[in-house]
Amino acid sequence: MKSRIIKIACMMQVGLLLLWAFSTGSPLKASAATVNEQFKVSSGVNYTDFRISESTRKQAVRVMEVNVNDPYTNVEVGVSSIMNKLKKTTTHALEHHYDGHLVVGAINASFFHLGAPINLVSQNNKLVHAGTISSSKDKYINEPIAFGMNSNGKGQIDHYDLSMNYVHNGKTYKITSTNKERSTNNTILYTPYFPSETTNTNEWGTEVVVTFPEAPTLEFGSQVTGTVEQVRNVGDKTKTIIPKNGVVISGNGKGSDQLKDVMVGDSITLSINIDSKWKDSSFMVASGPMLVKDGRVSLSMNPNSSEAATRAPRTAVAINKTGDKVFFVTVDGRQSGYSTGMNLTEFANYLVSMGADRALNLDGGGSTTMAVRYPGTDTVRLANKPSDGVERTVSTILMAVSTAPKGEVRSITVKKSKEGKLNVGDSIKILPGTAVDTYYNPIKLSESDLSLEDINKLGSVSGNTFTAKKPGKGTIKVKYGNVSTTVNIEIADNSTSSFKDVSNSFWGKTEIEELVKKGIITGYPDGTFKPNNTISRGETAVMLTRTLKLDTSNVKDPGFKDVSKTDMYYKEIAAAANAGLIKGREKDKFVSNGKLSRAEMAVLIQRAFKLPYENNKYFSDVPSSHYAYQSINSIAKLNITEGYPDGTYRPNNSITRAEFSVFLTRALK
């Protein structure tokens, strides 16, 4: 059940989306922008899942708004302790999640190669990785631009000026980068962050091992002096070991020439610095291109290059003008009918529309990931649909962190053990759903925590069980401490029954009667319904056609060899097939008398009511490779089906007329 809707923010965001769609001149021509889901994640974090419907394609955009002015909210970077150890975004987040430091949201961050970030990463004013910058405007990262949290605790997206040097015998020499493959005329600094114990370089360079009294931290603005312990000259194939309390300076070409006079026992001073606006930042993550600057689209790469012009999944981080709001933004892609993805110009236009003052592109494609802590849960889980079909491993992430203490209970949600109308004599349980405290931290509920009150006196209450005693509509008040919520109930007047074999106490009577009233189902000439008979595929087509009020007067022949125009259900089967709801079971055959399986039922319900696909697994016997996997999970998420007590769904089992009636009624609601 969704938590409280943030109505004003919702209206503003939808308005901005529509404004963007129709006034920016973007190639995207949206016909509708809707909020699919929205909730408060923590005291300083809001989450919204948007759906944009366009004339030719759809987009699924997710936005996490982080208010760093909130005293209990931070934005942080997550980096593996081993430089090239790739992990899923959700795994990174879990490793940084502990009491007093709750990761409530995360997105993927750095581009990476061979497991390591390609560009600069720093933490706590210390250099973790220097990275490289491309010289081509056709590449994503061709300027030194980073996102980070500055010394004032504000979000910052700006250029940076990193300087790395070493001093030997009074002369200063430039260091090209850190912990990367050494190339021509480069000088690379290898530190204990490097994933290998050795530099793994060839013999065509000079390497100098420098040790210090303590392991160097490479803090911005610092200088540290060490002693040369070893020199490996050009032509020597010996592997150079990186000391735990030191570094290796490795030069090729010009870089090698600058090291040729270094001797064992010499002193070498390392100097690492960053420009003043980034000094004392809590972290920096370099990426690119810049997408938005001063509230306007401003791409720092060629927008017509193949990387920029391709519609693909995208990830970005954005800030408002004051830097006190940070936005994590993703758009899924490469999934026709769900989300096409955007090129960088379209993505930048969207970011401008949502109020971004500055925005920086992050790694996208299959790496695009949004993880969110859903209401009532403790840790984040995957919220978007990666184009790979699974969550990709990445090198770094950005995290929204809550440091809020435990508070008093703020709100609760509950659910009924059975939806729909009750019959007199029926009993249902009121089950605990989610609960959050004043800071939106989850609170675990148990059945014994709840107390019930039958406001309209339509039944009796015992513990968390309500038993219906008389017909009518009413409300059950559910309390947890000083907080309460309500549950609506309806008890049917079952003095008469449409069918002689459906008693007043039959478990599906209410749903069957509802469908009879709507003209969706009928019984047999002998006055029976035969609720426990299996339902055929032909009967299913009839019920769906009537439910959706499909036109059967002018149908197109679906081409099933086993369905002739004189068949009883021809028009209904044709109408359902024309609408794309139902397909043949065998090649060119519909198999009208075939028994409907539980898997087929899930697919039909999902298609008929256009329910969103769901990737979270609900049943142990439905693998992700099953053709109905997403449809079964979809109807499970919406409580249309609950499966069996042993946690199985049994997708191949046939379904009865009563069962299909109940599932269809639930879907209608």
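FYI, the numbering just counts along the sequence from 1. Every value quoted in this text rests on a predicted model; they were computed, and no experiment measured them.
- For His96 (side chain) and Val103 (main-chain N/O), no donor-acceptor pair under 3.5 Å exists by modelled atom type.
- Atom-to-atom distance recorded for Leu458:CG and Glu490:CD is 10.5 Å, nearest 0.5 angstrom.
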### Query
Can Tyr439 and Tyr72 be said to form a ring pair (Phe, Tyr, Trp, His ring centres under 6.0 Å), step by step?
CA-CA 9 Å; Tyr439 302 108; Tyr72 301 114; 5.1 Å; yes
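- Under 3.5 Å, the side chains of Thr90 and Glu391 contain a donor-acceptor pair of N or O atoms.
- Atoms CZ and CZ, on Phe609 and Arg666 in that order, are 13.5 Å from each other to the nearest 0.5 Å.
- For the pair Arg585 and Phe590, the cation-pi test (distance below 6.0 Å, angle within 45°) is failed.
- Between the side chains of Thr486 and Thr475, not a single donor N or O lies within less than 3.5 Å of an accepting N or O.
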### Task
Could you give me the CA-CA distance, side-chain angles and deciding distance for Tyr338 and Asp332, then say whether side chain to side chain donor-acceptor pair (under 3.5 Å) is met?
CA-CA 8 Å; Tyr338 160 66; Asp332 284 336; 2.6 Å; yes
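- The backbone N or O of Leu431 sits nowhere less than 3.5 Å from a side-chain atom of Glu447 that would complete a donor-acceptor pair.
- None of Thr315, Thr369, Thr330, Thr368 except one satisfies the side-chain hydrogen bond (donor to acceptor under 3.5 Å, both in side chains) rule with Asn108; the exception is Thr315.
- Residues Tyr440 and Phe39 keep their aromatic ring centres 6.0 Å or farther apart.
- In terms of heavy atoms, Lys415 sits closest to Pro432 at CE-O, 4.1 Å.
- Judged by distance alone, the side chains of Asn616 and Asn633 never bring a donor and an acceptor atom under 3.5 Å apart.
- A salt bridge links Glu600 to Arg537: one of the charged nitrogens lies within less than 4.0 Å of a carboxylate oxygen.
- Summarising the geometry, atom OG belonging to Ser592 is positioned 7.0 Å from atom OH belonging to Tyr569; distances are rounded to the nearest 0.5 Å.
- Under the rule for a side chain to side chain donor-acceptor pair (under 3.5 Å), the partners of Ser446 that lie at least two apart in sequence or sit in another chain are Ser448, Asp449.
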### Query
Can Asp378 and Arg373 be said to form a side-chain contact (heavy atoms from CB on, under 4.5 Å), step by step?
CA-CA 7 Å; Asp378 181 55; Arg373 182 183 76 173; 5.5 Å; no
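- Of the inter-residue distances, the one linking Arg657 atom CZ with Asn532 atom CG reads 10.5 Å to the nearest 0.5 angstrom.
- For the residue pair Gln630 and Asn615, a side-chain donor N or O sits within less than 3.5 Å of a side-chain acceptor on the partner.
- In this structure, Thr510 OG1 and Glu419 CD are separated by 12.5 Å, a value rounded to the nearest 0.5 Å.
- With contacts defined as side-chain heavy-atom distances shorter than 4.5 Å, the pair Val61/Val329 qualifies.
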### Task
Apply the test salt bridge (Lys or Arg N to Asp or Glu O under 4.0 Å) to residues Asp621 and Lys617: give CA-CA distance (whole Å), side-chain angles for both, the deciding distance (0.1 Å), then the verdict.
CA-CA 10 Å; Asp621 62 339; Lys617 187 172 183 176; over 6 Å; no
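- The two atoms that bring Val516 and Ser498 nearest to each other are CG1-OG, 4.1 Å, heavy atoms only.
- Judged by the 6.0 Å distance and 45° axis criteria, Lys530 is positioned over the aromatic ring of Tyr524.
- In this structure, Tyr649 and Phe619 have tilted ring planes: the angle between them lies in the 30° to 60° band.
- With contacts defined as side-chain heavy-atom distances shorter than 4.5 Å, the pair Arg598/Phe663 qualifies.
- A side-chain N or O of Thr467 and one of Ser427 form a donor-acceptor pair less than 3.5 Å apart.
- With no hydrogens or angles considered, no side-chain donor-acceptor pair links Thr340 and Gln59 at under 3.5 Å.
- With hydrogens and angles ignored, the 3.5 Å screen pairs no side-chain donor or acceptor of Asp454 with any backbone N or O of Ser460.
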### Message
Test salt bridge (Lys or Arg N to Asp or Glu O under 4.0 Å) on Glu453 and Lys479; report intermediate values, then the result.
### Response
CA-CA 8 Å; Glu453 179 184 353; Lys479 294 187 66 178; over 6 Å; no
### Query
Stepwise, does the side chain to side chain donor-acceptor pair (under 3.5 Å) test hold for Glu37 with Thr48?
CA-CA 6 Å; Glu37 189 172 28; Thr48 309; over 6 Å; no
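- Although no hydrogens or angles enter the test, the distance criterion places a donor-acceptor pair under 3.5 Å between the side chain of Asn441 and the main chain of Pro405.
- A donor-acceptor pair is defined here as one N or O able to donate and one able to accept, closer than 3.5 Å; no such pair exists between the side chain of Asn36 and the backbone of Arg51.
- Across all non-hydrogen atoms, the minimal contact from Leu611 to Gln606 is O-NE2, 2.7 Å.
- Remark: Lys637 engages Glu614 in a side chain to side chain donor-acceptor pair (under 3.5 Å) (not counting sequence neighbours).
- Between atom CD of residue Glu513 and atom CG of residue Asn423 there is a gap of 9.0 Å, rounded to the nearest 0.5 Å.
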### Task
For the pair Leu102 and His97, evaluate side-chain contact (heavy atoms from CB on, under 4.5 Å) and give the outcome as yes or no after the intermediate values.
CA-CA 5 Å; Leu102 306 180; His97 182 89; 3.6 Å; yes
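- Within the 4.5 Å cutoff, side-chain heavy atoms of Thr73 are placed close to those of Ser43.
- Judged by the 6.0 Å and 45° rule, Arg62 forms no cation-pi pair with Tyr47.
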